[in-house]
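Data first, discussion second: the structure below is written as structure tokens.
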Amino acid sequence: MRNIVILISGSGSNMAAIVRAAEQGRWAERLNARVAAVLSNRADAQGLPLAQEHGLATAVLDHKAFASREDFDAALMAEIDRHAPALVVLAGFMRILTPGFVTHYAGRLLNIHPSLLPAFPGLHTHQRAIDAGCRFAGATVHQVTADLDHGAILAQAVVPVLADDTADVLAARVLSQEHQMYPQAVAAWLAQSPMRVKRG
Ligand code: GAR
């Protein structure tokens with residue numbers, strides 16, 4: 001069975017969408033894959049109780065407890081690797097990752113970003129799209145590389161920007177599309193990658 005580890009920092013609604021899709025879509029039988037664990041850098045991440053309700057392993061590593069980004073990422077890698085993941089999914093994980101971390105999971109590390117990349121990498125994407133006068137906004141699922149928000153694009157969802165949108169209203173419209181797109185993109189990644197678990 002191929003393990004998926006999901007990293008979250010906040011509400012975890014994308015994580016929840018993936019967990020539900022895995023259950024309802026019978027990923028274990030069809031794709032030889034399951035969500036094994038949900039990890040967070042914040043103890044108050046709202047997604048953690050939900051993950052536990054679904055019987056998933058959870059762990060919290062508080063980044064503030066580490067002297068450096070490298071130390072935190074090393075500890076996070078050790079926690080992730082306890083589950084020997086075929087795929088690591090960033091779902092609202094709000095930490096910049098070190099090159100060592102990204103290299104370690106090269107080719108098996110996905111992220112969802114709330115803009116139509118390559119437009120608006122970084123933060124405050126919805127306000128920036130409104131301020132730029134964009135008629136469309138959206139979200140992107142991409143491979144993670146050391147270059148922040150610039151890896152190969154796997155999927156995009158597009159929504160209109162309406163005249164009276166605030167950043168919050170636009171964010172909610174985009175997020176509902178993320179919940180459709182991310183599980184589909186993860187399933188597509190699993191379907192096209194080797195079914196068997198690699199050892200060593
Ligand atoms: C989502 O909109 C996701 O695209 C964004 O954070 C939100 C997390 O929501 N991710 C980033 O901004 C990454 N830089 P969720 O915790 O409810 O899934």
Side-chain angles (χ1 to χ4, degrees), residues 4-23 35 37-54 56 58-61 63 69 72-73 76 87-99 101-102 105 109-132 134 136-161 165-187 189:
I4 303 167
V5 173
I6 305 181
L7 307 189
I8 66 171
S9 294
S11 57
S13 67
N14 277 293
M15 174 275 294
I18 293 166
V19 168
R20 288 195 187 100
E23 288 174 0
V35 179
V38 175
L39 311 182
S40 177
N41 63 314
R42 295 182 59 112
D44 61 354
Q46 297 113 292
L48 290 172
L50 185 135
Q52 286 157 2
E53 281 165 26
H54 283 260
L56 304 176
T58 61
V60 174
L61 267 89
H63 59 274
R69 208 176 272 283
F72 172 68
D73 277 10
L76 185 58
L87 180 64
V88 178
V89 171
L90 308 180
F93 186 65
M94 303 305 281
R95 301 291 306 161
I96 292 176
L97 301 165
T98 56
F101 184 100
V102 173
Y105 298 108
L109 183 59
L110 303 185
N111 182 44
I112 191 161
H113 180 76
S115 78
L116 294 172
L117 291 172
F120 310 125
L123 298 174
H124 310 301
T125 53
H126 304 300
Q127 189 61 54
R128 288 158 67 201
I130 291 169
D131 292 347
C134 295
F136 294 95
T140 304
V141 176
H142 63 97
Q143 298 265 10
V144 177
T145 63
D147 198 3
L148 182 71
D149 298 332
H150 277 84
I153 291 172
L154 303 186
Q156 288 188 308
V158 181
V159 303
V161 181
D165 272 351
T166 62
D168 285 349
V169 168
L170 178 57
R173 191 178 304 126
V174 171
L175 190 61
S176 72
Q177 293 302 310
E178 293 184 39
H179 297 160
Q180 308 293 319
M181 173 173 60
Y182 211 3
Q184 286 174 12
V186 171
W189 187 95

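In listed order, ligands and their atoms are each counted from 1.
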In terms of the angle between their ring planes, are H63 and F72 parallel, tilted or perpendicular, with boundaries placed at 30° and 60°? perpendicular

Heavy-atom nearest neighbour of atom 13 (C) of ligand 1 within options M94, M15, Q46, R95: M94

Which residue supplies the protein heavy atom nearest to atom 12 (O) of ligand 1, what is that atom called, and how far is it? P114 CD, 3.4 Å

Counting only heavy atoms, which portion of V174 has something under 4.0 Å from ligand 1: side chain, backbone, both, or neither? neither

Purely on distance, is any nitrogen or oxygen of S13 under 3.5 Å from one on ligand 1? yes

Stepwise side chain to side chain contact (heavy atoms under 4.5 Å, CB included) check, E53 with V19: CA-CA 11 Å; E53 281 165 26; V19 168; over 6 Å; no

So the atoms of ligand 1 within less than 4.0 Å of a heavy atom of L175 turn out to be 1 (C), 2 (O)

Report yes if the side chains of D149 and N111 come closer than 4.5 Å at any heavy-atom pair, otherwise no. yes

May I have the step-by-step check of side chain to side chain contact (heavy atoms under 4.5 Å, CB included) for V144 and V88, ending in yes or no? CA-CA 10 Å; V144 177; V88 178; over 6 Å; no

In ligand 1, the atoms that come under 4.0 Å of a heavy atom of S11 are 15 (P), 16 (O), 17 (O)

Polar atom proximity, G12 to ligand 1 (N or O, under 3.5 Å): yes

Show your reasoning for whether side chain to side chain contact (heavy atoms under 4.5 Å, CB included) applies to D165 and R173. CA-CA 10 Å; D165 272 351; R173 191 178 304 126; 2.6 Å; yes

With heavy-atom distances below 4.0 Å as the criterion, list the atoms of ligand 1 near G92. 6 (O), 8 (C), 10 (N)

Numbering as shown, the atoms of ligand 1 that approach E178 to under 4.0 Å (heavy-atom distance): 1 (C), 2 (O), 3 (C), 4 (O)

T140 (side chain) donor-acceptor with Q156 (main chain) under 3.5 angstrom: no

What do you reckon, does D149 have a nitrogen or oxygen under 3.5 Å from a nitrogen or oxygen of ligand 1? no

So, for T125 and P114, which heavy atoms are closest and what is the spacing to 0.1 Å? OG1-O, 2.8 Å

